[in-house]
Amino acid sequence: MAIGTQDDSGEMMAEINMIPFIDVMLVLLIIFIITVPVIKHAVKVDLPRASNEKLVDKPENVRLSVDSSGAYYWNEAPIADTDLSTRLSQIAAMEPQPELHMRGDKDVRYERVALAMASAQRAGVRKIGFITEPAQP
C-alpha cells in the first residue's frame, strides 16, 4: 500500500515503509518480556557470609645456575652433575612443588642448559622458569 498523491507525475516516492521495522521491534519486545523472568532467580535467598581462605605454604623457589664453564650451582652452592638428578627428584616429590628457576650464563654451551632441563623433566618437575637480565636501552 503506497501513501502519496493520485497524480501521475511519474516521480519516485522517497518514503521509508516503517511497518516491517515496527513488526520486528514488537517481536523482539515480546521475546524479552518472556525471557526476563526466566533469567531472574525465582527464590530470593540472602546467603550467609563466611571466610574460607586456603592457607598454602609456598615452598621457596630453587635457583639452578650454570656458569660460563658449565658448572651447576644449586641455590648458589656448587653441585656435581651426578647429584643434580637426585636433587631434582627430591623437589619433584615435594607437595606443593617449588618452582625451578634456571639461570644460564650467556657464554655457556647450550648443551649444559639442555641437559639440566632434560634432567628436570625426567625427575617430574612441572614448573621451570628461565631468568634473564633486562635488555639495556
Side-chain angles (χ1 to χ4, degrees):
M1 176 173 172
I3 301 173
T5 60
Q6 293 288 334
D7 61 346
D8 292 329
S9 62
E11 293 181 15
M12 296 281 293
M13 203 163 80
E15 293 181 15
I16 298 175
N17 190 358
M18 294 295 292
I19 303 298
F21 295 121
I22 294 171
D23 291 343
V24 169
M25 292 304 294
L26 288 174
V27 169
L28 287 175
L29 181 64
I30 291 170
I31 290 172
F32 286 131
I33 289 172
I34 292 171
T35 58
V36 167
V38 175
I39 294 173
K40 290 182 80 174
H41 297 291
V43 178
K44 184 175 180 176
V45 177
D46 189 18
L47 297 174
R49 307 266 183 232
S51 158
N52 187 13
E53 294 182 18
K54 184 177 179 182
L55 296 175
V56 177
D57 292 332
K58 186 174 180 181
E60 185 177 328
N61 296 331
V62 175
R63 292 175 308 282
L64 179 63
S65 304
V66 185
D67 68 2
S68 60
S69 66
Y72 293 122
Y73 292 87
W74 188 272
N75 290 336
E76 284 76 35
I79 183 173
D81 291 3
T82 56
D83 295 336
L84 181 63
S85 61
T86 305
R87 293 248 184 126
L88 289 170
S89 297
Q90 289 173 351
I91 67 165
M94 295 173 78
E95 194 59 43
Q97 194 178 91
E99 294 180 14
L100 178 65
H101 291 177
M102 294 188 66
R103 298 173 46 208
D105 191 276
K106 67 179 179 178
D107 296 328
V108 73
R109 290 184 52 154
Y110 178 71
E111 176 186 17
R112 296 296 291 167
V113 176
L115 286 173
M117 287 174 27
S119 295
Q121 183 182 16
R122 279 193 303 274
V125 177
R126 293 185 303 264
K127 298 177 184 176
I128 302 174
F130 293 94
I131 308 300
T132 60
E133 291 291 326
Q136 297 290 334

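- Between atom CD1 of residue Ile22 and atom CG of residue Leu29 there is a gap of 13.0 Å, rounded to the nearest 0.5 Å.
- Leu100 is not connected to Ile131 by any chain of hydrophobic side-chain contacts under 4.5 Å among Ile, Leu, Val, Met, Phe, Trp and Tyr, and they are in different clusters.
- Put simply, CD1 on Ile30 and CE on Met25 are 12.0 Å apart, with the number rounded to the nearest 0.5 Å.
- Atom CG of Leu84 and atom OH of Tyr73 lie 13.5 Å apart (nearest 0.5 Å).
- Rounding to the nearest 0.5 Å gives a distance of 13.5 Å between CZ of Phe130 and CZ of Arg103.
- The shortest side-chain heavy-atom distance between Val66 and Asp105 does not fall under the 4.5 Å cut-off.
- Residues Phe21 and Ile16 form a side-chain contact, since some pair of their non-hydrogen atoms from C-beta on lies under 4.5 Å apart.
- Residue His101 comes nearest to Asn61 through the heavy atom pair CE1-ND2, 3.2 Å, listed as atom of the first residue, atom of the second, then distance.
- Cluster membership for Ile19 and Val27, using ILVMFWY side-chain heavy atoms within less than 4.5 angstrom, is not shared.
- Residues Val113 and Gly104 approach most closely at CG2-CA, 4.5 Å, considering heavy atoms.
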Original post:
Should Val108 and Asp67 be marked as a side-chain contact (heavy atoms from CB on, under 4.5 Å) after you check the CA-CA gap, both sets of side-chain angles, and the distance that decides it?
Top reply: CA-CA 7 Å; Val108 73; Asp67 68 2; 5.9 Å; no
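- Partner of Arg63 under the side-chain contact (heavy atoms from CB on, under 4.5 Å) criterion, chosen from Glu99, Met102, Glu76: Glu76.
- Residue Leu26 qualifies as enclosed at atom CG: its count of foreign heavy atoms under 6.0 Å is above 12.
- Between Leu28 and Val24, the closest side-chain pair of non-hydrogen atoms falls below 4.5 Å.
- Under the rule for a salt bridge (Lys or Arg N to Asp or Glu O under 4.0 Å), Arg87 has no partner lying at least two apart in sequence or in another chain.
- For the salt bridge (Lys or Arg N to Asp or Glu O under 4.0 Å) test, residues two or more places apart in sequence or in another chain that qualify with Asp81 are Arg112.
- Summarising the geometry, atom OG belonging to Ser85 is positioned 10.0 Å from atom CD belonging to Gln90; distances are rounded to the nearest 0.5 Å.
- Taking all atoms of both residues into account, the shortest heavy-atom contact from Leu88 to Ala120 is CD1-N, 3.5 Å.
- Closest non-hydrogen pair, Ala92 versus Ala123, comes out as CB-O, 3.2 Å.
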